[in-house]
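Written below as structure tokens is the structure these notes are about.
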Amino acid sequence: MSIVEVPGPKDPEIVESLLLDLLDPENKAYALFESPKKREIFNDLAPLLWYSFGTIAAALLQEIVSVYPALSPPTLSARAAARACNALALLQNVATHPETRTLFLEAAIPLYLFPFLNTTSQAKSFEHLCVTSLGFLGALAKVDDTEVVKFLLKIEVIPLCLRIMGTGSELSKTVATFIVQKIMRDEVGLQHICATPECFFQAASSLANMVIALTEQPSTRLLKHVICCYIRLTDDPRYGLCTALRTHLPEALRNGTFDNCLRDDPAARNFLTQLLDNLAGPAGRAPHPGPGPHNQAQVEHHDVNRSGRCNSELATSLRLSFR
């Protein structure tokens, strides 16, 4: 009696069969579901996807484009969103692989994600697609490659992320802020944001508005990313920018409002201390008086009322700083 050898889960033939199934309408749904699972166990999946005839354009991009009509009016189903997200997961593997990353960016394929990031529907299917698209860009930003940063700046990812930081869900805000943080870590990214008063103001005011919103709905993870963005802004050598930040930093970051939020995260507390030290200037560390005798609700209400006026004052200070 003969024994039939069953291919192991790492067998390249299994992966190649799945890629062929991506081009078969009857098997495409199954292949989209199974193929992303092979990313961690098959290192050559990205080159195989890129160089396989028709896989990128005829299978993956077609799957993404096919859901565009359901974005407006918003009729996107959970099933269609899941298929598009699986296609994005495979494209993300190609985008981040060192052998295919440059070719992928030269083809400007990330632009196909922008319709998903510009939707305003709060439905779960839309949120799933938006967060997956942000995760795609976040994975690119994590590569720590200046050429990737230049590409993300070229396609104007920062304005897109700043908008999501103001209007998205907590998860989408967190990923969008992470992307901005990673771009700013690169010197090219920081120079871009600090190049003009308008760019700097947009970033600083978005961060300030997020801090005010976090006083009402705290999120340790999101707050940590916001603080790290502030810290990076203080690295710009122009003293005027640091002075503008020092003057218009939200009071909630100074007065102990977030002590409870950061209580169980030593790293985040250290980041906040570093930020205050960076902004203290030659006079020594900025004070951290704590909430004091004032009612916390009054402090938060005061911050909300001041946000518009503070943004206007910040814009004026920045214009003076760039002269």
Ile155 vs Phe151, side chain to side chain contact (heavy atoms under 4.5 Å, CB included): CA-CA, chis, key distance, verdict: CA-CA 6 Å; Ile155 65 174; Phe151 172 81; 3.6 Å; yes
Side chain to side chain contact (heavy atoms under 4.5 Å, CB included) between Leu91 and Ile64, worked out: CA-CA 10 Å; Leu91 288 174; Ile64 290 172; 3.4 Å; yes
Derivation and outcome, side chain to side chain contact (heavy atoms under 4.5 Å, CB included), residues Tyr51 and Glu99: CA-CA 11 Å; Tyr51 293 109; Glu99 184 177 335; 4.0 Å; yes
Leu171 vs Leu134, side chain to side chain contact (heavy atoms under 4.5 Å, CB included): CA-CA, chis, key distance, verdict: CA-CA 10 Å; Leu171 181 56; Leu134 285 169; over 6 Å; no
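Between the side chain of Ser77 and the backbone N or O of Ala80, at least one donor-acceptor pair lies under 3.5 Å. Between the side chain of Thr273 and the backbone N or O of Arg269, at least one donor-acceptor pair lies under 3.5 Å. In this structure a side-chain-to-backbone donor-acceptor pair under 3.5 Å is present from Lys28 to Ala59.
The two residues Ala70 and Phe126 make their nearest non-hydrogen contact at O-CZ, 3.6 Å. When all heavy atoms are compared, the tightest approach of Leu214 to Ser219 is CD2-N, 3.7 Å. For the pair Gly138 and Phe178, the tightest heavy-atom approach, listed with the atom from each and the gap, is O-CE2, 3.9 Å. The heavy-atom pair separating Pro36 from Arg39 by the smallest distance is O-NE, 3.0 Å. Of all the heavy atoms in Ala82 and His128, the pair that sits closest is CA-CE1, 4.5 Å. The nearest pair of heavy atoms linking Arg83 to Ala29 is NH1-CB, 3.5 Å.
Both Phe104 and Leu111 are assigned to one and the same hydrophobic cluster, defined by single-linkage of ILVMFWY side chains at heavy-atom distances under 4.5 Å. There is no path of hydrophobic side-chain contacts, each under 4.5 Å, that joins Leu90 to Leu20. Under the 4.5 Å side-chain heavy-atom criterion for grouping Ile, Leu, Val, Met, Phe, Trp and Tyr, Phe136 is not connected to Phe33 through any hydrophobic cluster.
Aromatic ring orientation, Tyr68 versus Phe116: perpendicular (interplanar angle above 60°, classes split at 30° and 60°).
Side-chain contact between Ile227 and Val211 is absent, with no heavy atoms from C-beta onward closer than 4.5 Å. Contact check for Phe53 versus Leu23: no side-chain heavy atoms found under the 4.5 Å cut-off. Counting only heavy atoms from C-beta outward, the side chains of Lys182 and Asp144 approach each other to under 4.5 Å. Taking the side chain as every heavy atom from C-beta outward, Thr119 and Pro74 never approach each other to under 4.5 Å. Residues Glu147 and Thr102 are not in side-chain contact: their nearest non-hydrogen atoms beyond the backbone lie 4.5 Å or more apart. Taking the side chain as every heavy atom from C-beta outward, Thr247 and Thr243 approach each other to under 4.5 Å. Side-chain contact between Asn86 and Ser35: absent, with no pair of heavy atoms (C-beta onward) separated by less than 4.5 Å. A 4.5 Å side-chain heavy-atom check between Leu223 and Leu272 finds every atom pair outside the cut-off.
From Thr96, atom OG1 reaches atom CG of Asp145 across 12.0 Å, with rounding to the nearest 0.5 Å. With rounding to the nearest 0.5 Å, the separation of CG in Asp21 from CG in Leu32 is 10.0 Å. With rounding to the nearest 0.5 Å, the separation of OG1 in Thr55 from CG in Leu48 is 7.5 Å. Interatomic distance, Leu207 CG to Thr177 OG1, rounded to the nearest 0.5 Å: 7.5 Å. Atom OH of Tyr230 and atom CE of Met184 lie 10.5 Å apart (nearest 0.5 Å). In this structure, CG in Leu253 is found 5.0 Å from CG in Leu249, a value given to the nearest 0.5 Å.
Atom OH of Tyr112 has 12 or fewer heavy atoms from other residues, nucleotides or ligands within 6.0 Å. Within 6.0 Å of atom CZ in Arg185, 12 or fewer heavy atoms from other residues, nucleotides or ligands are found, so the atom counts as exposed in its surroundings. No more than 12 heavy atoms of other residues, nucleotides or ligands lie within 6.0 Å of OH in Tyr30, so this atom counts as exposed by the packing criterion. Residue Phe114 qualifies as enclosed at atom CZ: its count of foreign heavy atoms under 6.0 Å is above 12.
A salt bridge is defined here as a Lys NZ or Arg NE, NH1 or NH2 lying under 4.0 Å from an Asp or Glu carboxylate O, and Glu170 with Arg221 fails to meet this definition. Look at Glu127 and Lys124 and you find no salt bridge, because none of the NZ, NE, NH1 or NH2 atoms lies under 4.0 Å from a carboxylate O.
With hydrogens and angles left out, the side-chain atoms of Ser169 and Ser172 include a donor and acceptor closer than 3.5 Å. Side-chain contact check for Lys224 and Gln181: no donor-acceptor pair (N or O, by modelled atom type) lies under 3.5 Å. There is no side-chain donor-acceptor pair under 3.5 Å between Asp265 and Thr220.
The only option from Thr234, Asp235, Asp236 that meets the side-chain contact (heavy atoms from CB on, under 4.5 Å) definition with Arg232 turns out to be Asp235.
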